[in-house]
2 protein chains.
Amino acid sequence: MIQTALLAPLNVDRAPRYREAAYTAIKSAILDGRFAPNQSLVEEQIAAMLQISRTPVREALAILEHEGLIAPRQGRGLYVATLTRDEFVAMFVANETVEPYLVRRAALQASLEQLEALNQAIRRAQEAVTAIDMVGFLRASRDFHRLLGEASGNAPLTRFVVQNEERTDIYLIGSGQRIEPANMEASIHEHGAILDALIQRDPESAARLAIYHAQSLRQRFAELFRS
Amino acid sequence: MIQTALLAPLNVDRAPRYREAAYTAIKSAILDGRFAPNQSLVEEQIAAMLQISRTPVREALAILEHEGLIAPRQGRGLYVATLTRDEFVAMFVANETVEPYLVRRAALQASLEQLEALNQAIRRAQEAVTAIDMVGFLRASRDFHRLLGEASGNAPLTRFVVQNEERTDIYLIGSGQRIEPANMEASIHEHGAILDALIQRDPESAARLAIYHAQSLRQRFAELFRS
DNA sequence: GAACATAAGATTGTATACAGAGTGGACGGA
DNA sequence: TCCGTCCACTCTGTATACAATCTTATGTTC
């Protein structure tokens, strides 16, 4: 069983703490689909892959567990967290509630650099669709929402939105569901429309489009649970 | 220096993990004002108070740090996190954004038991004001918002709201600010009005009152930064 | 052949040991 | 007296050791 590909050894030169590096490495592995939902995460194995001891790995796992990305299994062990349908929907609802505010603020105060960064995120999403790279598409979409949050200037809301999206993305990636290219294109198109409204400095249009986008997302993904 | 009062030894009999117990104990100590902002949190001391080793204490602290309740000091050590004025306001704005949704849902679907629990929370807040117990008042207020979130049925939003409120409460408690009894009374009155709207099953009134409440809160507390 | 008991192994949870970095204080010199 | 340097101590971060528990496999009995 070759595990090399799963996690590369950390070669952080001791300055940033191993805990942080392990946290990032494990989270990236989950979000890239290298650790699948329901897969068991063994501390010793992860430590070996990262070539550090169990201590910082445990601390990273404790944080990830608290965030809800991983969960303790019945009696023993941790696994990448799945979501029930209701939890999945709750995440989308949460973001629907928040995003209109984010885009309104962004429309009022986003800098040109921030608008350009949003544009780049859309471009990366488009490239990922072309390359049939679902993980890349989801990452670029998360980036878009994160940048939107940053442009709004509200850190807690930004963090919240991104965290919810991470959890739904993990589900999508791990469930083996394939997102229809048409759906990805639609999502990208909606992002583009929001960005246009931001450039026009039109908060109400932006908010309307954000609500539409959030609802579309929820509908598109909720369908996945039927199959 | 008698530290006995700060943290009582854990006498969890090994079933719930020490990490969880330590997390709760430390968090409670912070929210009760026993650990003040800018106070240095020394792992060894905390471990000694809880009569456990540093390992689970460190894990608990890692989580609290990730949550933002504590933060690493310049080069060395952890301290109870303070908030800048902007961060403080951002927390209130975040909750303002979310709470209208929560109360709308709660108006539609809160059970009688949940309404009664909300009523109890208001009563506890009132008792705390009478007893000139600011910490108790803030705890009861947090309970009110938490119960509101639970009644809404959206776990992520509930968690988010409570977490934000914890952070602002820590600031209020630790800053040594005294909240005017009149302000506490006003807040309780607004909670009562929201609860009435829930009982009437009137989502729009409830939402309106929630917005008013959130804005009032923000204004009342923002004033504290002037002094 | 099936089911249960028992033992060995795997894995977690906690404690302790150790190394490195930062802080504070004491001592010496200007 | 004030400043600087150096040393000791404190505290963090990581590693390792140990204990307890759960799993699994094997063997024995019915």
Side-chain angles (χ1 to χ4, degrees), chain A residues 1 3 6-26 29-30 35-36 38-67 69-81, chain B residues 1 3 6-26 29-30 35-36 38-67 69-81:
Chain A
M1 205 65 68
Q3 297 175 325
L6 278 179
L7 288 176
L10 301 180
N11 52 359
V12 205
D13 53 331
R14 197 79 175 199
R17 304 197 277 297
Y18 284 170
R19 181 209 297 169
E20 304 300 325
Y23 171 83
T24 305
I26 297 169
I30 293 173
F35 286 141
N38 281 316
Q39 174 168 355
S40 176
L41 303 172
V42 178
E43 294 172 7
E44 185 70 48
Q45 290 175 10
I46 293 173
M49 290 189 255
L50 298 174
Q51 295 183 14
I52 59 179
S53 79
R54 276 177 57 210
T55 307
V57 171
R58 266 188 74 80
E59 292 171 355
L61 290 174
I63 293 169
L64 289 166
E65 178 182 339
H66 193 76
E67 272 188 309
L69 270 64
I70 62 182
R73 193 191 290 275
Q74 174 56 20
R76 194 172 193 67
L78 292 164
Y79 65 102
V80 178
Chain B
M1 205 63 70
Q3 295 175 325
L6 279 179
L7 288 176
L10 300 180
N11 53 0
V12 207
D13 53 330
R14 196 77 174 202
R17 304 197 275 298
Y18 284 171
R19 181 209 297 169
E20 303 301 325
Y23 170 82
T24 305
I26 298 168
I30 294 173
F35 287 140
N38 281 318
Q39 174 168 355
S40 176
L41 302 173
V42 179
E43 294 173 5
E44 185 70 47
Q45 289 174 11
I46 293 173
M49 290 189 257
L50 298 175
Q51 295 182 13
I52 58 178
S53 80
R54 276 178 57 212
T55 307
V57 171
R58 267 188 74 78
E59 293 171 355
L61 290 173
I63 293 169
L64 288 166
E65 178 182 340
H66 194 76
E67 272 188 309
L69 270 63
I70 63 182
R73 194 189 291 274
Q74 174 58 18
R76 190 174 197 67
L78 292 164
Y79 65 102
V80 177

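Quick caveat, the model's predicted, so the values are computed rather than measured. So that the names make sense, note that chain A is the first sequence line, chain B the second, and so on, each numbered from 1.
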**Considering all heavy atoms, the nearest A:Glu43-A:Val57 contact** = O-CG1, 4.1 Å

**Message:** Between B:Ser53 and A:Ser40, which residue's closest nucleotide on DNA chain C lies nearer the 5′ terminus?
**Reply:** A:Ser40

**Atom-pair distance (CG on A:Leu50; P on D:dT14), nearest Å** = 12 Å

**Complete:** Whole-Å distance, B:Arg54 CZ to D:dT12 P, equals 7 Å

**Protein-nucleotide distance (B:Glu43, atom CD; D:dC11, atom P), rounded to Å** = 10 Å

**Request:** Pick base, sugar-phosphate or nothing for B:Leu61, based on heavy-atom distances below 4.0 Å to the nucleic acid.
**Result:** nothing

**Message:** Rounding to an integer number of Å, can you tell me how far B:Arg58 CZ sits from D:dA15 P?
**Reply:** 11 Å

**Asked** Where the side chain of A:Ile52 is concerned, which of D:dT23, D:dT12, D:dA15 is the nearest nucleotide?
**Response** D:dA15

**Prompt:** For DNA chain D, what is the dot-bracket line, given that a base pair needs Watson-Crick (N1 to N3, plus N6-O4 or O6-N4) or G-U wobble (N1-O2 and O6-N3) geometry with both distances under 3.5 Å, and | means paired with another strand?
**Reply:** ||||||||||||||||||||||||||||||

**Atom-to-atom span, CD1 of A:Ile70 to C1' of C:dT12 - whole angstrom** = 13 Å

**Item:** Atom-pair distance (CZ on A:Arg17; P on D:dT12), nearest Å
**Value:** 11 Å

**Asked** Separation of B:Leu78 atom CG from D:dT12 atom P, in whole Å?
**Response** 7 Å

**Prompt:** Taking all non-hydrogen atoms of both residues, which atom of A:Ile46 and which atom of A:Ile26 are closest, and how far apart?
**Reply:** CG2-CD1, 4.0 Å

**Item:** Test log, rule side chain to side chain contact (heavy atoms under 4.5 Å, CB included), inputs A:Leu64 and A:Glu67
**Value:** CA-CA 5 Å; A:Leu64 289 166; A:Glu67 272 188 309; 3.8 Å; yes

**Message:** For a quick test of reading the model, state the closest non-hydrogen atom pair linking B:Val80 to B:Ile70 and the distance between them.
**Reply:** CA-CG2, 4.1 Å

**Asked** Is the backbone of B:Ala36 close enough, under 3.5 Å, to the side chain of B:Gln39 for a donor and an acceptor to pair up by distance?
**Response** yes

**Message:** Test salt bridge (Lys or Arg N to Asp or Glu O under 4.0 Å) on B:Arg19 and A:Glu65; report intermediate values, then the result.
**Reply:** CA-CA 12 Å; B:Arg19 181 209 297 169; A:Glu65 178 182 339; 3.5 Å; yes

**Request:** Could you check how far CD of B:Glu59 sits from P of C:dT14, rounded to whole Å?
**Result:** 7 Å

**Complete:** Tightest non-hydrogen contact, residues A:Tyr79 and A:Pro72, listed as CE2-O, 3.6 Å

